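What you see below is based on every heavy atom in this structure, not just the backbone, and it leaves out hydrogens, waters and symmetry mates. Just so it is clear, the model here is predicted, and its values are computed rather than measured.
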Amino acid sequence: MDSLPLLADHPYASFLDQVEKPARYAGGEVGSVVKDWASVEARVCLAFPDVYDIGMSHLGFKILYKLLNDDPRTLAERCYAPWVDMEAQLVERGLPLVSLESARPLRDFDVVGFSLQFELTYSNILTMLHLGGVPLRANDRGEDDPIVIAGGPTATHPEPIAPFLDALVIGDGEEKATEVALTWTRLKREGVPRRERLIAIARLGAVYVPSLYATRLDPDTGLEVVDRPLVDGIPFPVDRALVDLNRYPFPDESPTGGPEAIFDRMSIEIARGCTEGCRFCQAGMIYRPVRERDPEQIVDTVMRAVQRSGQDEVSLTALSTADVSCISPLVKKVTERLTKERISLGVSSLRAYGLEPDLLDELKRVRATGLTFAPEAGTQRMRDVVNKNVTEEQLLETAERVFSRGWGKMKLYFMIGLPTETDEDVRGIVETGARAAGAGRRAAGKGKPVDVTVSVSTHVPKPHTPFQWAAMDTLAEVGRKQQLLKDTVRPYRAVTLKTHEAHASVLEGIFARGDRPLADVLERAWRSGARFDSWDDQLKLSVWEEAFSHFGVDRARYLGTLPVTARLPWDHIDVGLEEGFLAREYRKALQSRLSPPCGKVAGTFVHHTNLEDASADTRRLVCYDCGVACDMTQMREERLTFLDRLGAHKRSLPVLTDAAASPPADAAPPSAAAASSPAEPAHLVEAESPPAGEAELPRESAEDPARAETAAPPRAKPRAPAPKGRGGFRYRFRFEKTGPMALLGHLDVVRELPRVLRRVGAPMTYTAGFHPKPDMTFSPALSLGVISLDEYVDLRLERELDPAALEALVASMSAASPRGLVFRGAVKLGPEDPALSKLIAGARYALAFARSAIGADAEAVLAARCSAALSAASLPIRREIERLAKMVDVRQYLVRAEVGGPDVLSALAQAGLVGDLVALEVEVDIRGSGAVKSSEVAAVIAGEPGEAPGAITPPPHRAVRLQLFGRAAPSGAAAGERFSLFDLERARRVKSAPAPAPSLALAADAE
């Protein structure tokens, strides 16, 4: 049932609070950019084919969003795949999918650009095109339709999705995004036909336009391959774009806020590419050569990003951070800057073997409880097959170092289904985990917890890797190997085994090595309901089975061994590798032969961490002439420069450890391993090396030059001695939640406030303990969609502020907040001032109804309903919380209910609610035992009884919390005078304070 519109002029306003996480679709985050459409030449919609929670973490999106919006000629807006409930609402109502920034349908943009990160998001691309009003197939688009382009790693093997795309950018997109957008729009303004525009785009280079190339059937495989261009002057094969990363500094600002993202942190790319040469890893092949960002630029970006975003967590990211030449001094430098700032530092894709022990000690300063590593295979032979340059001794040394430094958990990532794998290799996965646990247990000491989680996924042979010709295990074989793992792990109580469902991996394998005819299968499966295929609970196997059967597709053709001499469906995309390089590596794999990491001296596992050692080592760097033409001399000189800039001139003192020994075969710790957290979705984890355990560091309060770019924080009085106990100075802030903020859950609002204070440079004090948190207490939570004009939070700041400085802080906080979050005042609290939980006794609400929903005599009807409700002995209603139902008597909490006058209608207008409205003004108690929801009050007064006892449906309405207050006497119908929570003098005089307001644990009842 629709409610009154919550967001002015938004097409989804009336029903957003009926879907899961409605703020996914509302926009208004800090860092989002809304530009005048008439002021730019090209309008680009960046479309991510997965939900907001995942897409908000994607680095490529952040890079392109910043680049396009910084250019005065272009604008970029965002759109994410709607979750299934939102899709159903849009289809039912005939509404288009719109962008977050300006709520424009996708069809209105000049360019719709998709990020291709994973094959199992293809069905979501079709959903977004369809809902956005863009014809599905490229050959059905007319002269005025936008160009649909895509980029990302999966764009290097795009044939199954190619008929739905006009063009694909191959390689780095920093330069091509703007060039393609402006070329397209300028030619369109000149009246150039669509096909001629596509030809011009193809001639830019590094752009593949599928409709301009002919295909043929390859006799060796039966797969369709791209044969030749249909137009003169377009490239064949299509080369990739390659940029100098230091010409494109990583964004220090991007949209922040909204519903919590999967990776809710500020991630900073420190390098692109990888030297390790793992034979299963596509990213390690297609992103060559390794390009490292200037470390000074990285440090500056981190500090600016922290200040501008307000995030409390930063992650340094690369395909393999351990192989970034200056990683050790870089982590130390960033740690120095963040130490006193209470900002967490994460280092993703980090492996500990070969790293200096002092770097592990740096990481131990943070709040990590576990680290993640990726041996990938369980025996040395298999590690040599996949070219994982790590020995058993190094793995055990890693375990010893990790657990001896106080970590309690360690996660190891492996794969099954690799070429030449035997049962011995499969059992070796568990046995490797057991030996790591044994080494860790001895290093940790008696009684210390040791938990090793072994996470095992299924290998999918990917294009542009040495294993692109290898067969993929059948489902039956994967199941057999997973059972073998389960049988092997039983004696080892310190090892927790996790395996991944393989059906999605098989579908991924088909589309990874697929050809253009699979587009028909994709479209049929999508029309039959395929959505979010990478989500285990959404994957509809029967739909895919039917689609494959309908077109008579032999799936084994895509999953079996492919001839090395055959043309492949992705051979027309040139990722820079020399012809024959991948085949040579494949043959070496079949012979269990290693290829040492390139760009390093043979036998070296990590780069020198200081200038002295790096300068003295003049040995040749390993190079395989893979085709990307690395300049080894320049690479060596750049590393020396980076070490010098970081001040890493001398080596640190070594830390010696005893060699780790293997545990007895039947070794097991005395207690069962604790269950680990659920595995992340497979498509969120880098194939090369999954994310490490995130680490948290205290923050630094030193002045940072980035702060000069924003409004200066309010001037503080000379620091007074901090009070004893919890420290800091207590303040009470009053704020409003309207528009998009009313669609955020309470915990999302709790996360946002510390970010606001970081943005304005007002440091908070933190709680004590191993996991310190900002010291703050909020007023009772509200249901999604309830607007509030009177919210409160008690918190502690490090500085004492006079009234003028406090007033200035309130203003700066509003300016640094997401749309809909406005701070209205603040007061300083003394030690004698009661906490919010001791004061809040009740609330006033305005319940707004459209007059048409009640009738012409709406005021009289509602007045009669109010009178009847107040005369009733009880007003029972059924409440469901997490599928558990209970009866609530609303009458016990209802103090007053009457038709609202002009002042209430004025408050509704302040809250953004306008139109022909009639309102109720109600007052309710808030007690320590709970409270009633505004929707429940609306139901018992204006609703119609349902069939089940206590089931009542309220008419469409919108609730606004007008006031939270204390009382000068116990709560109830004969309650004493209400007083403002800012009236500290009255609060101190309360002799018998009400029972505490509900805690966060009662948030569902606390409205």
Looking only at atom types and distance, does a side-chain atom of [X] sit under 3.5 Å from a main-chain N or O of [Y], one as donor and one as acceptor?
X	Y	value
Arg759	Ala816	yes
Asp17	Gly785	no
Lys886	Arg878	no
Arg819	Ala26	yes
Asn69	Ala76	yes
Gln892	Asp889	no
Ser906	Pro902	no
Tyr893	Gly842	no
Ser812	Val810	no

Under the side-chain hydrogen bond (donor to acceptor under 3.5 Å, both in side chains) rule, collect the residues that match up with [X], sequence neighbours excluded.
X	answer
Lys21	Asp53
Glu92	none
Asp533	Ser123, Trp544

### Partners passing side chain to side chain contact (heavy atoms under 4.5 Å, CB included) against Asp145 (at least two apart in sequence or in another chain)
Pro135, Arg141, Arg194
Search all heavy atoms of [X] against all heavy atoms of [Y] and return the closest pair with its distance.
X	Y	answer
Val904	Ala919	CG1-CB, 3.9 Å
Arg961	Ser779	NH2-OG, 4.3 Å
Leu7	Gly739	CD2-C, 3.4 Å
Ala835	Arg732	C-NH2, 3.9 Å
Phe849	Pro955	CE2-CG, 3.5 Å
Leu131	Leu90	CD1-CD1, 4.2 Å

Under 3.5 Å, sequence neighbours excluded: what are the donor-acceptor pairs made by side chains of residues 106-113?
unit_1	atom_1	unit_2	atom_2	d
Asp110	OD2	Arg43	N	2.8
Asp110	OD2	Arg43	NH1	3.2

Is the shortest heavy-atom distance from the side chain of [X] to the side chain of [Y] under 4.5 Å?
X	Y	result
Phe778	Val750	yes
Tyr52	Leu100	yes
Met813	Leu753	yes
Gln910	Leu789	yes
Arg755	Val30	no

### Message
Could you work out, with salt bridge (Lys or Arg N to Asp or Glu O under 4.0 Å) as the rule, every residue matching Glu29, not counting sequence neighbours?
### Response
Arg78
### Within 6.0 Å of CG in Asp36, more than 12 heavy atoms from elsewhere
yes
### Query
Considering residues, nucleotides and ligands other than Glu985, do more than 12 of their heavy atoms fall under 6.0 Å from its CD?
no
#### Entry: Residues that Tyr792 engages under ring pair (Phe, Tyr, Trp, His ring centres under 6.0 Å), provided they are two or more places apart
Phe982
### Task
Return the set of residues passing ring pair (Phe, Tyr, Trp, His ring centres under 6.0 Å) with Phe823 (not counting sequence neighbours), or none when no residue passes.
Phe735
### Message
Taking salt bridge (charged side-chain N to carboxylate O under 4.0 Å, His left out) as the cut-off, I'd like each qualifying pair that reaches into residues 734-747, sequence neighbours left out, listed once.
### Response
Arg734-Asp790, Glu736-Arg824
### Task
Can you tell me which residue pairs pass the salt bridge (charged side-chain N to carboxylate O under 4.0 Å, His left out) test with a partner in residues 912-921, sequence neighbours excluded?
Arg844-Glu921, Arg851-Asp916, Arg896-Glu921
### Query
Can you tell which of Val922, Leu894, Leu920 makes a side-chain contact (heavy atoms from CB on, under 4.5 Å) with Cys866?
Leu920
Acceptor/donor pairs from residues 80-88 side chains to any protein atom, 3.5 angstrom cut, sequence neighbours excluded:
unit_1	atom_1	unit_2	atom_2	d
Asp85	OD2	Glu20	N	2.6
Glu87	OE1	Arg531	NE	3.0
Glu87	OE2	Arg531	NE	3.1
Glu87	OE2	Arg531	NH2	2.9

### Task
Kindly determine whether Arg967 and Glu977 satisfy salt bridge (charged side-chain N to carboxylate O under 4.0 Å, His left out), including the steps that lead there.
CA-CA 6 Å; Arg967 281 201 182 96; Glu977 182 183 356; over 6 Å; no
### Message
With side-chain hydrogen bond (donor to acceptor under 3.5 Å, both in side chains) as the rule and sequence neighbours excluded, what pairs involving residues 864-875 come up?
### Response
Arg865-Glu944
### Task
Classify the ring geometry between Phe733 and Tyr731 as parallel (under 30°), tilted (30 to 60°) or perpendicular (over 60°).
tilted
### Message
Checking Asp983 against Arg978 for the salt bridge (charged side-chain N to carboxylate O under 4.0 Å, His left out) test, could you report, in this order, the C-alpha distance in whole Å, the side-chain angles of both residues, the deciding distance, and whether it holds?
### Response
CA-CA 10 Å; Asp983 188 345; Arg978 300 191 301 261; over 6 Å; no
